[in-house]
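Below: one structure, written as structure tokens.
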Amino acid sequence: MSREVRVRFAPSPTGPLHIGGVRTALYNYLFAKKHQGTFILRIEDTDQARYVPGAEEYIKESLDWLGITPDESPWNPGNFGPYRQSERKPDYMQYALDLVEKGHAYYAFDTAEELEAMRERLTAARVVQPQYNSITRTQMKNSLTLSAEEVKARLESGEPYVIRVKIPRKEEVRLNDLIRGWVMVHSSTLDDKVLMKSDGMPTYHLANIVDDHLMKITHVIRGEEWLPSAPLHVLLYQFFGWEDSMPEFAHLPLLLKPDGNGKLSKRDGDRLGFPVFPIDWNNPSSSETAMGFREQGYLPEALLNFLAFLGWNPGDERELFTKAELVEAFSIDRIGKAGAKFDIAKAKWYNEHYLRAKSVDELQQFVIQDAQKEGFEVSEEKAAAMVRLTKDRVTFPAELWQESKFLIVTPSTFDDQVASKRWNADAVKVLTHYAERLQNHSGEFDAETAKNLLAASADAVEVKLGKVMQAVRLAVTGAGAGPDLMEIFAILGVKELANRIRFALDQLPVNG
RNA sequence: GGUCCGUUCGUCUAGGGGUUAGGACGCAUCCCUUUCACGGAUGAAACACGGGUUCGAUUCCCGUACGGACUACCA
């Protein structure tokens, strides 16, 4: 029985999408595309209290940025809508009622206080698992303990109620996870989870199963945090009589803190100085901004490649994959079982790789825009030259401008350390001579010419060029290290170069 | 606490009953280079522990330790 592959990514809009969620979306996407299937985005907004405005748009923008575009979503509906669970609200009750009719679920009228009292009582009695289950439900207020008349009366009076699943007392629940193999759980360790809340909304468990069934989902690829409730979901499929079309499950290993142990959190990012969200998130209630990979200068193709390899590998030694290549190579059975620590150094390496792979044309825009932000107009030609000079030395696009802005902004200060070490009488002699030569120079001035002239100056004053190179660099750029000096000279041009040298000669005291 | 999941270099991982346990990031050294990077080369660096099974276990089994997730009218 091979059905058309349909997978879904089902986040709840309670805040910014965590990078782990992005990876889950990615794996779903890759799996769908690999099998010419459909990738669906479904918004699980059944918890009204936790709904955060803007979170949905954030999810959309994040996925768009990375090119993990859903084939069906609230913004691009297919034939299985709506794609927001809040909009599917009217449908869930009938399914819950169906379960009640079949004897797999029941009404419960217990108040929050009564539930709390029950848990306290059980804890005091040292019951290992204080939960609403096959044993404790006999002492609670529900349609299993109350008479039919009373249940009817309570329902008709409008008393709040929930619908709970009736977990069988003794049953072995088996589930064949695509990543972990057979997982077996005894039903006695499960509790009678709420299916319908008193506000008329379904819980995750009900909505998830109903929607996956209705949307003809074939594979549920989600985070490992769902593994403990997967047996409940299997049971639900059985209760509904949907075993035949039950999707396959694949529970992904978690993303862990880079140091120490535990799940990767926003705090880790703040503490260690790297993002854990795909794009910037402006918290509407605190007006704080959580940094995103995009704004920090990570390229989407780099983040994608990095994320794909956190828990998956193709089985050979290739590590550089475009999105299309990932689709081609992806398979669930090559996903690892153990959690992966988040190592930002590797992400940076990927970024460098993809940055270098970009053409000068693509990159020069970054320079032009960054310069503009600081009030400088840089021509395309100049920006291209600046990119050529720096692209092999930086990690992020923003560094392109930072590392080459000295070409636009004449240095007014000079690195003290380098000055005290390298600035000497020989340097002054060479530079003085060179400045004069430059003034008289006419015609082409390229790197080659610049170098020949400089070498001639050194010769003329009988100084070894190598001895004064760093001082020359200091005079022109203000720093002791940087890109190829002669290329810099060529870009600067004779006039600006001569000016800078004279300025340095004027500013720096001669010692030695 | 209980249930479930996991454990190969610092990190991401390959591998699998007999291997010099492979690659990548990072790190170190060297080469290239009139600097710093890039690039190239080399190197240090791992099978959590204890029992089995076996001629042989890092690999299979069982325990232990450690780690993680879950344990809501949250997802």
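Chain letters run A, B, ... following the sequence lines, proteins first, then strands; residues in each count from 1.
With no hydrogens or angles considered, no side-chain donor-acceptor pair links A:N28 and A:R8 at under 3.5 Å. A side-chain donor from one of A:E362 and A:S359 sits under 3.5 Å from a side-chain acceptor of the other. A donor and an acceptor atom, one from each side chain of A:D211 and A:Y92, are located under 3.5 Å apart.
Residue-level contact check: A:P11 touches neither bases nor backbone, having no heavy atom under 4.0 Å from any strand. Among the atoms of the strands shown, base atoms are found under 4.0 Å from some heavy atom of A:K451. Residue-level contact check: A:V162 touches the bases, meaning some heavy atom is under 4.0 Å from a base atom. Nucleic acid contact for A:R119: sugar-phosphate only, since backbone atoms but no base atoms lie under 4.0 Å from a heavy atom of the residue. Residue A:M184 is in sugar-phosphate contact alone, with no base atom involved, counting any heavy-atom pair closer than 4.0 Å across all strands shown.
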Measure all distances between protein nitrogen or oxygen atoms and nitrogen or oxygen atoms of nucleotides 11-13 of chain B, and list the pairs falling under 3.5 Å.
from	atom 1	to	atom 2	distance (Å)
B:C12	OP1	A:K341	N	2.8
B:C12	O2'	A:F309	O	2.8
B:U13	OP1	A:G311	N	2.8
B:U13	O3'	A:N313	ND2	2.8

Table of protein N/O atoms under 3.5 Å from nucleotides 38-48 of chain B N/O atoms:
from	atom 1	to	atom 2	distance (Å)
B:C38	O4'	A:D392	O	3.3

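A:A384 and A:Q364 make their closest contact through CB-OE1, 3.2 Å (heavy atoms, listed as atom of the first residue, atom of the second, distance).
B:U7 and B:C61 have their P atoms separated by 12 Å, given to the nearest Å. Rounded to the nearest Å, the gap between the P atom of B:C47 and that of B:U59 is 12 Å.
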